[in-house]
Chemist: 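I am attaching a structure below and will ask some questions about it afterwards.
The figures that follow rest on heavy atoms only: side chains count, while hydrogens, waters and symmetry mates do not. Remember, predicted model here, so these are calculated numbers, not experimental data.
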There are 2 protein chains.
Amino acid sequence: MKDYKKTLLYKKIIDLTDMTELSLDKLFNVITIKQIKKHENILNQGIICRNIFFVENGYLRIYTDKDGKEINTDFIFENSFTTNLKSLRLAIPSDTTFQAGELSTIYEFDKDILLALYKESPEIESFGRKLLEQLLIAQEEHANLFKIFKPEERYKYLQTNKPELLQRVSLSQISSYLGVARETLSRIRKK
Amino acid sequence: MKDYKKTLLYKKIIDLTDMTELSLDKLFNVITIKQIKKHENILNQGIICRNIFFVENGYLRIYTDKDGKEINTDFIFENSFTTNLKSLRLAIPSDTTFQAGELSTIYEFDKDILLALYKESPEIESFGRKLLEQLLIAQEEHANLFKIFKPEERYKYLQTNKPELLQRVSLSQISSYLGVARETLSRIRKK
DNA sequence: GTGTACCTGTGACAATCATCACAAACTAAA
DNA sequence: TTTAGTTTGTGATGATTGTCACAGGTACAC
C-alpha cells in the first residue's frame with residue numbers, strides 16, 4: 001500500500017502506538033484495500049471470518065439473520081476497527097454479516113498474516129493488543145445500552161452519544177439495532 | 001506467589017500461551033491474592049479500576065447501580081478473567097461494582113505493573129493480547145443474548161450454555177441479569 | 001424448635017410494546 | 001413531472017411484561 005501516511009488508519013495507528021517506520025511499513029505492506037458498494041457484503045454469516053477490518057470511509061452494518069429477519073447488532077463508521085473475533089479465533093462460522101451501508105473503503109488485515117507479524121515484531125503485537133482494547137471498550141459500552149436502558153432511554157443515548165448514527169442510518173435500521181419495532185421508534189421520536 | 005503451578009490460573013496461562021519459565025515467574029511474582037467474603041466488593045462503582053482480575057475460586061457478580069436499583073451485568077466464575085476495561089484504560093470511574101457471590105479467591109494483576117511487564121517481555125504482552133481476546137469473545141456472546149433473544153429465549157440459552165449459573169445464582173439475581181422482572185422469570189421457569 | 005430475614009410463587013391489574021393495516025411522505029429513475 | 005419503490009407515521013388491537021400485594025417456603029441464627 002502506497003501513500004499510506006494520508007490515511008485515517010495511519011493516523012489511528014500513530015495515535016494508538018509509537019511504532020517504528022519499519023513496523024509501519026511491514027504492517028501497511030500486508031493490507032488489502034476493498035471498495036464495497038452499498039448493500040455489498042464483506043463477510044457473510046456462515047463463513048469463517050479471516051480478517052480484521054478498518055473502515056476508512058463509509059460505514060458497515062453488522063447484522064444477524066434470525067428466522068429470516070435481519071437484526072442489526074452494530075454499525076461501524078469511519079476510523080474504527082471491527083471483526084467477528086469469535087469466528088476469527090475459534091475458526092467457526094460467523095453468526096453475523098458485514099454489509100456496507102454506503103459506498104465504503106475498507107482495509108483488511110489477514111488474520112494469519114497478522115499473527116505471523118506478531119511473532120516477528122513485538123511492536124506489531126502491541127498494536128494488536130491495543131486494537132483489541134478498543135474493540136472491547138466499544139463493545140462494553142454497547143452491551144450496556146441493552147442491559148441498563150429501556151427503549152426510550154436507548155434512543156436518547158444515541159442522540160447524545162452517537163448523533164452521526166441517527167443522521168446516517170435509516171429509522172427502520174436503527175429500530176432493529178435498538179431492539180424495538182420500527183413503529184415504536186417512530187413514536188418515541190415524535191416526542 | 002509460591003506453588004503457583006497448582007493453580008487454575010497457571011493451567012489457564014499454559015493453555016493460552018507458550019511462555020518460558022522466566023516469564024511465568026515474572027508474571028506470578030506480581031500477582032496479589034485476595035480472599036473476599038460473600039457480598040464483599042473488589043471494585044466499587046465510582047472508583048477507577050486499576051486491576052485485571054482472575055477468579056481462582058467462587059464467583060463475582062458485576063452490577064451497576066441505576067436509580068438505587070442494582071442491575072447485574074455479568075457473573076464471572078472460576079477460571080475466568082475480568083476487568084472494567086473502559087475504566088482501566090481511560091482512567092475514568094468505573095460504572096460497575098464487582099462483588100463476591102460466594103467466598104472467593106481472586107488474583108489481581110496491577111495495571112501499571114502489567115504494562116511495565118509488557119515492555120520488558122513480548123511473551124507477556126502476547127499473553128495480555130490473548131487475555132483480551134478471551135474477554136472480547138465472552139462479551140460478544142453475552143451482548144447477543146440481549147440483541148437477539150427475547151426473555152424466554154434468554155433463559156433457555158442459559159439452560160443449555162450456562163447451567164452452572166442457574167445452579168449457583170438465585171432467581172432474583174438471574175432475573176436482573178436477564179433484564180426481566182423477578183416475577184416474570186419465575187413464570188418462565190414454571191414451564 | 002422457633003423466630004427472623006430473605007427468597008420465591010401467584011393473582012390482579014396497568015403499562016409497554018409488537019403486530020397488522022393502511023395512509024402519507026420521501027426518493028430516485030424515466 | 002410522473003411514477004414506482006421505499007421509508008415513515010398512525011390508529012386499533014392483542015400479547016407480553018412490569019408492578020403491586022400478599023402468601024408460602026427456605027435458610028440460618030439463636
Chemist: Between A:Glu141 and A:Tyr157, is any side-chain donor less than 3.5 angstrom from a side-chain acceptor?
Modeler: yes
Chemist: Which nucleotide wins on minimum distance to the side chain of B:Thr184, given the candidates C:dT10, D:dG18, C:dA18?
Modeler: D:dG18
Chemist: Identify the heavy atoms of A:Gln35 and A:Thr105 that sit nearest to each other, and give their distance.
Modeler: NE2-OG1, 3.2 Å
Chemist: Please give, in whole Å, the distance from C:dC17 P to A:Arg154 CZ?
Modeler: 9 Å
Chemist: Less than 4.0 angstrom between a side-chain N/O of B:Lys190 and OP1 or OP2 of C:dG9, yes or no?
Modeler: no
Chemist: Which nucleotide sits closest to the side chain of A:Ser170: D:dT19, D:dT7, C:dT19?
Modeler: D:dT7
Chemist: Go through the side-chain N and O atoms of A:Thr96 and A:Asn84 and say whether any donor and acceptor fall under 3.5 Å apart.
Modeler: yes
Chemist: Could you tell me how far apart A:Leu171 (CG) and D:dT10 (C1') are, to the nearest whole angstrom?
Modeler: 13 Å
Chemist: Looking at A:Glu183 and C:dC17, is any side-chain donor or acceptor paired with a base atom of the opposite kind under 3.5 Å?
Modeler: no
Chemist: Can you check the A:Ile188 CD1 to C:dA15 C1' distance for me, whole Å?
Modeler: 14 Å
Chemist: Would a line drawn from the ring center of A:Phe53 to the ring center of A:Phe81 be shorter than 6.0 Å?
Modeler: no
Chemist: Of the nucleotides C:dA18, C:dC7, D:dT10, which one has an atom closest to the side chain of B:Ser172?
Modeler: C:dC7
Chemist: Measure from CD on A:Glu152 to P on D:dT17 and round the result to the nearest Å.
Modeler: 20 Å
Chemist: Does the D:dG11 base have a donor-acceptor partner in the side chain of A:Arg187 within less than 3.5 Å?
Modeler: yes
Chemist: Can you tell me the distance, in whole Å, between the CZ atom of A:Arg182 and the C1' atom of C:dA23?
Modeler: 12 Å
Chemist: When you measure from the side chain of A:Lys69, which nucleotide among C:dT10, C:dT8, C:dT19 comes out closest?
Modeler: C:dT19
Chemist: Using the side-chain heavy atoms of B:Arg189, tell me which of these nucleotides is nearest: C:dT8, D:dC20, D:dG18.
Modeler: C:dT8
Chemist: Would one find more than 12 heavy atoms of other residues, nucleotides or ligands at under 6.0 Å from atom NZ of A:Lys11?
Modeler: yes
Chemist: Write down the distance between CZ (A:Phe149) and P (C:dC17), rounded to a whole number of angstrom.
Modeler: 15 Å
Chemist: To the side chain of B:Val180, which of C:dT8, C:dT19, D:dG18 is closest?
Modeler: D:dG18
Chemist: Rounded to the Å, how far apart are A:Leu185 CG and C:dC17 C1'?
Modeler: 12 Å
Chemist: A:Leu178 has an atom CG; how far is it from atom C1' of C:dA18, in whole Å?
Modeler: 15 Å
